[in-house]
Amino acid sequence: MATSLSRYLVEQQRAKQNIPPELRLLLEVVARACKSISHAVNKGALGGVLGTATTENIQGEVQKKLDIIANEVLIEANEWGGHLAAMASEEMDSIYVVPNRYPQGEYLLLFDPLDGSSNIDVNVSIGTIFSVLRKPETSEKVSESDFLQPGHAQVAAGYCVYGPQTTLVLTVGDGVAMFTLDREQGSFVLTQENIRIPEDTREFAINMSNMRHWDKPVADYIAECLAGKTGPRGKDYNMRWVASMVADVHRMLIGGGIYLYPAESDKPEGKLRLLYEANPLTFVVEQAGGKASTGTTRILDVEARKLHQRVPLIIGSRLDVEQAEASIQGRAS
Ligand code: AFP
């Protein structure tokens, strides 16, 4: 019999005591919200959800209607269950504290409700990324500083890709499991456990049109990949760039590869957000045997100083990330 997400979580808790009931509720609610977002994405033009809203988010990016819808779905689904103290999102300037009319729980939830917004209207894979932290015991009244924890403090993380299939990928710090949405049953069904990323691959993902903004070590590393079999890396690489990190990272989770969004001269801090993009994807990738780095520091050890902090990101197959790090740090690889 197929294993549903609920059954998987219950059985994990029974065997390993690693998913207390509040965390299980939280993960089930996030999955339910992803199901609703998946339905909205699927309806597309028929649901009137495509196109741009009139608002901008904190990063000055014009919001798509679906960015706002996905954000609202996640907030509404999660605010009343008693499992959360507060939430933070790419689409909200500051944190959303659970209203007084509901009980407050011990967890904090961060999310990018819809990663890859530029792909919404053109029917290319997009996704939701989420990270779960425990509210620090020292804090009585929840505040933004409670969210500023290093990535290694995450208790759970994952993402949902809305592509040809809707796929939920999850870690609670004990390996990575993947669930596929069965639309007829209306539930996520376990389709792969103990996912491992191939250690060494021939595929990279980077936005080549930004080449003129890269630091020399990054440019040199990519030039070596492009040099192919007769170059220093001794193999022919393939390149992909979906422009939805969640889809690019999912591709490498299954087939291996390396994704880079480095610091660039016009984006010295990088483009991606530490707390709700880089950290959760890194938690998943590390749990699958991969690696993620700024080029000099493990992503999960980066100090979080502000909610919407950006970070340069190199993530994927272990050996490839180590080679990119070595190039950037001027070590022979
Ligand atoms: P949007 O969600 O604003 O489209 O950004 C997506 C993203 O953060 C990441 O998912 C992509 O890999 C990357 O940005 C694409 O960046 P470019 O637009 O520079 O290619």
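When a ligand or atom number is given, it counts from 1 through the structure's own listing order.
- Proximity of V242 to ligand 1, defined as any heavy-atom pair under 4.0 Å, is not found for any part of the residue.
- Among protein heavy atoms, the minimum distance from atom 8 (O) of ligand 1 is reached at L272 CD2, 3.3 Å.
- With sequence neighbours excluded, the residues that form a side-chain hydrogen bond (donor to acceptor under 3.5 Å, both in side chains) with S209 are N207.
- Each side-chain hydrogen bond (donor to acceptor under 3.5 Å, both in side chains) pair with one or both residues in residues 103-112, not counting sequence neighbours, appears once here: Y107-R134.
- For atom 17 (P) of ligand 1, the nearest non-hydrogen atom from the set N207, N210, D112 belongs to N207.
- Note on V321: it does not cluster hydrophobically with F283, by side-chain heavy-atom contacts below 4.5 Å among ILVMFWY residues.
- An N or O contact shorter than 3.5 Å is missing between V246 and ligand 1 by distance.
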Worksheet entry | Test log, rule side chain to side chain donor-acceptor pair (under 3.5 Å), inputs H83 and N78 | CA-CA 8 Å; H83 51 285; N78 278 287; 3.1 Å; yes

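- Here the two rings, on F204 and W241, have centers that are 6.0 Å apart or farther.
- Listed by number with element, the atoms of ligand 1 under 4.0 Å from a non-hydrogen atom of M245 are 9 (C), 10 (O), 11 (C), 12 (O).
- In S117, the parts holding a heavy atom less than 4.0 Å from any atom of ligand 1 are both the side chain and the backbone.
- Ring pair Y8/F179: centre-to-centre distance below 6.0 Å.
- In this structure, D248 falls outside the shell of residues with a heavy atom less than 4.0 angstrom from ligand 1.
- The nearest protein atom to atom 18 (O) of ligand 1, hydrogens excluded, is given as K271 NZ, 3.5 Å; this is a heavy-atom distance.
- With ligand atoms numbered from 1 in the order given, ligand 1 contributes 11 (C), 12 (O) to contacts under 4.0 Å with heavy atoms of Y259.
- Of the possible donor and acceptor atoms, none in the side chain of S317 sits under 3.5 Å from a partner among the backbone N and O of L319.
- The nearest protein atom to atom 19 (O) of ligand 1, hydrogens excluded, is given as Y261 OH, 2.6 Å; this is a heavy-atom distance.
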